[in-house]
Undergrad: 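Questions regarding the structure given below will be posed in turn.
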Amino acid sequence: MTGGKSPVADEIRARLAALEPSHLEIIDESARHAGHSAVAVAGESHFRLRLWVPSLAQASRLARHRAVHAALGPGLLARVHALAIEFEDQTSSSSAGPSRGALPSGA
């Protein structure tokens, strides 16, 4: 699912609004993990975020991830088994690409 038309994706979008992202894409990748023991029957267990947050432009990758985790909160993170976070580089998005990486939900 691209664009996030689900209750968990809607909650992610609402909580990340506090960071004022200029770009936010929420992709539910749960279907790609079918059969994995942590995949909920209803899905919504594996998400990929692609975003650009101007206020975090000078922050380290770790600080960016921590800011996203703080905005989402422990309750929401506990309901998501896997969360991949990609920060897009708006200054040279065509050449540098996103800063890829994922931290475990408990980080």
Side-chain angles (χ1 to χ4, degrees):
M1 174 184 300
T2 302
K5 301 295 183 197
S6 68
V8 174
D10 290 342
E11 188 173 352
I12 290 171
R13 184 176 314 283
R15 289 176 182 242
L16 291 179
L19 296 177
E20 300 180 344
S22 62
H23 173 79
L24 174 60
E25 183 179 357
I26 302 170
I27 304 161
D28 184 345
E29 296 182 334
S30 302
R32 295 179 62 200
H33 301 275
H36 184 266
S37 63
V39 175
V41 174
E44 299 188 278
S45 59
H46 293 69
F47 287 90
R48 178 171 305 277
L49 305 178
R50 291 187 180 128
L51 69 161
W52 176 247
V53 180
S55 64
L56 297 175
Q58 300 303 313
S60 70
R61 191 180 110 201
L62 182 58
R64 291 175 181 185
H65 280 258
R66 285 180 174 159
V68 168
H69 280 245
L72 295 176
L76 177 57
L77 290 173
R79 296 190 332 244
V80 174
H81 175 70
L83 181 66
I85 304 171
E86 299 175 1
F87 287 94
E88 295 183 348
D89 179 358
Q90 295 296 300
T91 59
S92 59
S93 58
S94 62
S95 62
S99 168
R100 298 183 187 273
L103 293 177
S105 294

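Small disclaimer: the values here were computed from a predicted structure and weren't measured.
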Undergrad: If you round to the nearest 0.5 Å, how far is CD of Glu11 from CZ of Arg79?
TA: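 Going from CZ on Arg79 over to CD on Glu11, the span is 4.0 Å.
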Undergrad: Just by distance, do the side chain of Ser30 and the backbone of Ser45 share a donor-acceptor pair under 3.5 Å?
TA: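 Between the backbone of Ser45 and the side chain of Ser30 there is a qualifying donor-acceptor contact (under 3.5 Å).
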Undergrad: Can you list the residues that meet the side chain to side chain contact (heavy atoms under 4.5 Å, CB included) rule with Ala57, with sequence neighbours excluded?
TA: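 For Ala57, the residues satisfying side chain to side chain contact (heavy atoms under 4.5 Å, CB included) (neighbours in sequence not counted) are Trp52.
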Undergrad: Can you give me the closest heavy-atom contact between Pro54 and Glu20, atom names plus distance?
TA: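 Here Pro54 and Glu20 meet closest at CD-O, 3.8 Å.
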Undergrad: Quick check: closest heavy atoms across Arg50 and His23, and the distance to 0.1 Å?
TA: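 Answer, listing the atom of Arg50 first, then His23: O-CD2, 3.6 Å.
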Undergrad: Which atoms form the tightest heavy-atom contact between Ser55 and Leu19, and what is the distance?
TA: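 Residues Ser55 and Leu19, closest heavy atoms: OG-O, 4.0 Å.
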Undergrad: Report yes if some heavy atom in the side chain of Leu16 is under 4.5 Å from a heavy atom in the side chain of Leu49; otherwise report no.
TA: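 Yes, at least one pair of side-chain atoms sits under 4.5 Å.
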Undergrad: Rounded to the nearest 0.5 Å, what's the gap from CG on Leu83 to CG on Leu72? Could you check?
TA: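 Separation between the atoms: 6.5 Å.
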Undergrad: Determine whether Glu44 and Pro7 make a side-chain contact, defined as any pair of heavy atoms from C-beta on separated by less than 4.5 Å.
TA: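 With C-beta onward as the side chain, the pair touches.
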Undergrad: Given side-chain contact (heavy atoms from CB on, under 4.5 Å), test Leu51 with Ile85 step by step and report yes or no.
TA: CA-CA 8 Å; Leu51 69 161; Ile85 304 171; 3.8 Å; yes
Undergrad: Let's go through Val8 and Leu76 carefully: what are the C-alpha distance in whole Å and the side-chain angles of both, what is the deciding distance for side-chain contact (heavy atoms from CB on, under 4.5 Å) to 0.1 Å, and is it a yes or a no?
TA: CA-CA 8 Å; Val8 174; Leu76 177 57; 4.1 Å; yes
Undergrad: Let me confirm one number: the NE2-CG distance from His69 to Leu77, rounded to the nearest 0.5 Å.
TA: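 One gets 5.5 Å once the value is rounded to the nearest 0.5 Å.
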Undergrad: Which residues satisfy the side chain to side chain contact (heavy atoms under 4.5 Å, CB included) test with Ala59, sequence neighbours excluded?
TA: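 Counting only residues at least two positions away or on another chain, Ala59 forms a side chain to side chain contact (heavy atoms under 4.5 Å, CB included) with Leu56, Ala63, Arg64.
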